[in-house]
K.L.:
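Here it is, the structure, as C-alpha cells.
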Number of protein chains: 2
Amino acid sequence: MAGIRDVAKLAGVSTATVTRALRDEASVTPETKAKVRAAAARLDYVPSAAARALSQGRSSLLGLFVPDIVNPFYAEVAQGMADRAAEANYHCVIASSHLNPERERQLVTSLHDGTLAGLAATTVGTDESFTSALTGQRGPLVLVDRRPRGIRAPLVRTDNRKVTREAVGQFFAMGHTKVAMISGPRDFDTACQRLSGFRLAYKDAGLPLRDEYIRHGHLGEAGGLAAMRELLALPSPPTAVFCFNNLVTVGALMAIRTAGLKVPGDISILAFDDMSLFPLVDPPITAIAQPAYQMGRAAADLLLRQLGGEKSPADVVLPATLIERESLAPPGFN
Amino acid sequence: MAGIRDVAKLAGVSTATVTRALRDEASVTPETKAKVRAAAARLDYVPSAAARALSQGRSSLLGLFVPDIVNPFYAEVAQGMADRAAEANYHCVIASSHLNPERERQLVTSLHDGTLAGLAATTVGTDESFTSALTGQRGPLVLVDRRPRGIRAPLVRTDNRKVTREAVGQFFAMGHTKVAMISGPRDFDTACQRLSGFRLAYKDAGLPLRDEYIRHGHLGEAGGLAAMRELLALPSPPTAVFCFNNLVTVGALMAIRTAGLKVPGDISILAFDDMSLFPLVDPPITAIAQPAYQMGRAAADLLLRQLGGEKSPADVVLPATLIERESLAPPGFN
DNA sequence: TTGTACGCGTTATCAC
DNA sequence: GTGATAACGCGTACAA
C-alpha cells in the first residue's frame, strides 16, 4: 500500500505536486507529470478513498434505496443510476429493504454517517418516524417513483394517471363493463394516481364503478393473489382486472390459474410495470411499461446536479407506454 | 454536522471517552456513558464514516461485482449478500457491468482505492488484464458462481456437474435420444462443469452424442435465441434441449415460439437457473434452481471471516435442486 | 511552477 | 476510568 509520500519521494517532488500531477492540473510541467506518473505506476499507487472523502468532506458514493432489488423494475432503476453515476466517477450503494418498513428505517439511518454523498430512494414506509429518518440524510435527496407524505425533494416519476386512464380505456372499448382494479396502499401517491386514472376511464366510458371492484392495499405477489381470489369470489366477478404493479400481476395470474380460469377468455388482465418474461407468459401479458432505466439515470442526474450546486431541481416526469400483447380480449371471448 | 469534539465539550469529557462510551466499552462508567449519549443525541451526532475508515484503515463497505443486476439470479445473490453484511454492520456496494468485460475491468479497478473492505465477484471477462485487475483489490476477495483462470480465492458455487447429470438424465429416461445443450463460453468453469454433467448423462444412457448438439459460447437472451435457431435448422434437430442459464433459456423459448413450435410437444426444455415467472410461462419451465440468496449470504460470510482474520477459507458448495414443471415430455408427445 | 504546513474527524496509544 | 495526543492519507491555502 504505497502512499502519496512514497510517490513524492520516488519522484523527487512534494506530495502537493503529486496530487496536482495526478489530477492533470495545468500548473504542472509535463516533465514533472511524467516523473510523478511513472513513480505512481511503479508503486501501484492509488489515492485512498477514505482520506479523500475526509479531506473533501464528501464521498464519491451515491446511494439507492429500494424496497426490493429482486424486482426487475428496481434492478433496472439501479442499473440506470449506476451507469449515470459512473459517468461522473461515482459509485452506487444499493440498499434493499425486502418491503420491510422497519428494516428500511434502519438502513437509511445507518447511512447517515456521510458514507453517501447523496441518496435516491423509493420507500415503502409511510409513518412519521420514517420520513424524518429519510430527511436526516447529509447530502441531497431524490425521490424515485413515489413521494412519501411530508417530504420535500425532487421526484422522478411517470405520468401514472394519464397512461392508466388511456390503457384502462381499452377494456371499455372492448365492451367490458365489469372492470376491477387491484390497487396499492392508500397512502401511496402512485396508487392514488393510478386509481384516479382508473376512475377517469370509468367516467370516460360513462359506466358506474362498484366499490367492491377496487381492492386496496396490495403489494407483492401474495397481495395480488389474495386480492384476485376475493375478486373471483364476488357474486358478480369482474371480467377484466387492472393490476397496480408487476408483482401484484404475478400473484393475480397465479390465482386465476389456480381457479382453473383462462386469461383472456375468462378474464382480461392489464399490468402496470412490464417484465422481461411477460411476452412468454400464457398468454403474453399486456402491460404499461415505465422507463425504469431512464428513471434511474434521471435520479442520478438530479443528485449530481445538486452536488454541483444546483438548488432544488424540478421533478422529472417520464412517459410510460402501453405494450399491447394478448391478455386483453372482449368479455366472453374464446 | 456536530463532531466528536462538540459532543466531548457538551458532555464535559474528552473525545477519547466519547468514542469509548458510544461503543459501549466496559471501561466507561455508566454515568459517563449516559452523559455522553445524552450529548450525542442532543447534537444529532453521527460519527463520520470517512474519518473512521481513514483511522481504522478499513471501510465498512463490501463490494459485489456482477455481470448484470437485472438478472434475478444476481439480484438475489445481492440481496443475500446485503442481508448478511448488514448483520455485521457492513453495507453493500453493487456494481454491474452489463456483461461488458471492458466496463467490468474499469469498475473493478476504480474500486481499488480502499472504498471496499472486501469484494465478492462473478466475472465475465477472462483475459489476463482482467484477472490481474481483480487481484489488485486491497481487501479479501471471494468468487461467486465461477472462478476465472489463474485466480486464487475462495469460491461459492453449486455442484453443477452432479445436478446437471441427474436432471439431463430425465430426458433419456423419457425416451429422448436427440438431446442438445446450449452451453456457455468455453473458458467458464461453470460451462465446463455443466457440460461435463451433460456428457455424463449421455454416457449413463449409453447413447452417442453428436458434436452439433453442443453449441458453445452463449450467454444472455440473444445467445440463446441464435443457438436455438441453429439447432432447429439442423438436418436432424434435437427433441430436447438443456439451456446453460436462465437468460439463454428465455432466448431459446423465443426462438421456438417464433418457429411456430410447441414446448414440450415438439421440443422439451430444461433450464439451468430458475426464475420467478417460469411457473407462469407457457408451458411452466422445468429448471435447476441454484440457492442464489444463500450463495450471496455465503459470499458475505466468507468475506467477513477473512476480515476477521481467518486465513483462506475453503470453498462453499451449495446444493442446487431440480424443480419439475411441464417443459419436459417424451419425444413426439402431444 | 513547486514546496510547506495545516485541516479534515476519528481511533488508538500511552500516560495518569 | 479518563485525558492528551499522535497518527490515518489526502487536498489545499499560502508562501516561495
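Letters A, B, ... mirror the listed sequences (proteins, then strands); counts begin at 1. Predicted, not measured: the structure shown is a model, and the values here were computed from it.
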K.L.:
Going by atom types only, do B:Thr115 and A:His91 share a side-chain donor-acceptor pair under 3.5 Å?
P.N.:
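There is no such pair between these side chains.
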K.L.:
Run the salt bridge (charged side-chain N to carboxylate O under 4.0 Å, His left out) test against A:Arg305 and tell me which residues pass, sequence neighbours left out.
P.N.:
A:Asp301, A:Glu310
K.L.:
When you compare the side chain of B:Cys92 with that of A:Val93, does any pair of heavy atoms fall below 4.5 Å?
P.N.:
no
K.L.:
Looking at residues at least two apart in the chain, or sitting in another chain, which of them share a salt bridge (charged side-chain N to carboxylate O under 4.0 Å, His left out) with A:Glu87?
P.N.:
A:Arg84, A:Arg297
K.L.:
Which pairs, protein N/O on one side and nucleotides 3-7 of chain C N/O on the other, fall under 3.5 Å?
P.N.:
{"unit_1": "C:dG3", "atom_1": "OP2", "unit_2": "A:Ser14", "atom_2": "N", "d": "3.0"}
{"unit_1": "C:dG3", "atom_1": "OP2", "unit_2": "A:Ser14", "atom_2": "OG", "d": "3.3"}
{"unit_1": "C:dG3", "atom_1": "OP2", "unit_2": "A:Thr17", "atom_2": "OG1", "d": "2.6"}
{"unit_1": "C:dG3", "atom_1": "N7", "unit_2": "A:Arg20", "atom_2": "NH2", "d": "2.8"}
{"unit_1": "C:dG3", "atom_1": "O6", "unit_2": "A:Arg20", "atom_2": "NH1", "d": "3.2"}

K.L.:
Check the distance between C:dT11's P and B:Asp24's CG and give it to me in whole angstrom.
P.N.:
14 Å
K.L.:
What parts of residues 2-11 of chain B reach DNA chain D, counting only heavy atoms under 4.0 Å away?
P.N.:
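The stretch gives none, as no residue of it lies under 4.0 Å from the strand.
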K.L.:
Roughly, in whole Å, what's the span from CZ in B:Arg52 to P in C:dT10?
P.N.:
9 Å
K.L.:
When the nearest nucleotide of DNA chain D is assigned to B:Ser27 and to B:Gln56 on a heavy-atom basis, which residue is associated with the more 5' position?
P.N.:
B:Ser27
K.L.:
Classify A:Arg23 by what it touches in the nucleic acid, base, sugar-phosphate, or nothing, heavy-atom distance under 4.0 Å.
P.N.:
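Sugar-phosphate contact only.
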K.L.:
I want to check something: taking the side chain as every heavy atom from C-beta on, are A:Arg37 and A:Leu22 in contact at a cut-off of under 4.5 Å?
P.N.:
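The answer is yes, as the side chains (C-beta and beyond) meet within the 4.5 Å cut-off.
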K.L.:
Can you find a heavy atom in the side chain of A:Pro291 that is under 4.5 Å from one in the side chain of A:Thr158?
P.N.:
yes
K.L.:
Using the side-chain hydrogen bond (donor to acceptor under 3.5 Å, both in side chains) criterion, which residues pair with A:Glu104? Sequence neighbours excluded.
P.N.:
none
K.L.:
With heavy atoms of chain B within less than 4.0 Å as the criterion, where does contact along DNA chain D begin and end?
P.N.:
D:dG1 to D:dG9
K.L.:
Ignoring hydrogens and angles, write down the donor-acceptor pairs under 3.5 Å from the side chains of residues 135-149 of chain A, residues two or more places apart or on other chains.
P.N.:
{"unit_1": "A:Thr135", "atom_1": "OG1", "unit_2": "A:Thr131", "atom_2": "O", "d": "3.3"}
{"unit_1": "A:Thr135", "atom_1": "OG1", "unit_2": "A:Ser132", "atom_2": "O", "d": "3.0"}
{"unit_1": "A:Arg138", "atom_1": "NE", "unit_2": "A:His112", "atom_2": "O", "d": "2.9"}
{"unit_1": "A:Arg138", "atom_1": "NH2", "unit_2": "B:Val46", "atom_2": "O", "d": "2.9"}
{"unit_1": "A:Arg146", "atom_1": "NE", "unit_2": "A:Thr123", "atom_2": "O", "d": "2.8"}
{"unit_1": "A:Arg146", "atom_1": "NH2", "unit_2": "A:Thr123", "atom_2": "O", "d": "3.1"}
{"unit_1": "A:Arg147", "atom_1": "NH1", "unit_2": "A:Ala153", "atom_2": "O", "d": "2.5"}
{"unit_1": "A:Arg147", "atom_1": "NH2", "unit_2": "A:Asp315", "atom_2": "OD2", "d": "2.8"}

K.L.:
Tell me, please, which residues at least two apart from B:Arg103 pass salt bridge (charged side-chain N to carboxylate O under 4.0 Å, His left out).
P.N.:
A:Asp83
K.L.:
Apply side-chain hydrogen bond (donor to acceptor under 3.5 Å, both in side chains) to A:Lys33 and list each qualifying residue two or more places apart in sequence or on a separate chain.
P.N.:
A:Asp24
K.L.:
I need the full list of side chain to side chain donor-acceptor pair (under 3.5 Å) pairs touching residues 45-66 of chain B, with sequence neighbours left out, sorted by first then second residue.
P.N.:
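Checked against side chain to side chain donor-acceptor pair (under 3.5 Å) - neighbours excluded - the pairs reaching residues 45-66 of chain B are B:Arg23-B:Gln56.
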K.L.:
Sequence neighbours left out, what passes side-chain hydrogen bond (donor to acceptor under 3.5 Å, both in side chains) with B:Asn245? Give chain and number order.
P.N.:
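Once residues adjacent in sequence are excluded, B:Asn245 has no partner under the side-chain hydrogen bond (donor to acceptor under 3.5 Å, both in side chains) criterion.
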K.L.:
If every non-hydrogen atom of A:Met81 is compared with every non-hydrogen atom of A:Gly63, which pair is closest and at what distance?
P.N.:
CE-O, 3.2 Å
K.L.:
Specify the residues of residues 38-49 of chain A, ordered by number, for which at least one heavy atom lies under 4.0 angstrom from an atom of DNA chain D.
P.N.:
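Hits under 4.0 Å, by residue number: A:Tyr45, A:Pro47, A:Ser48.
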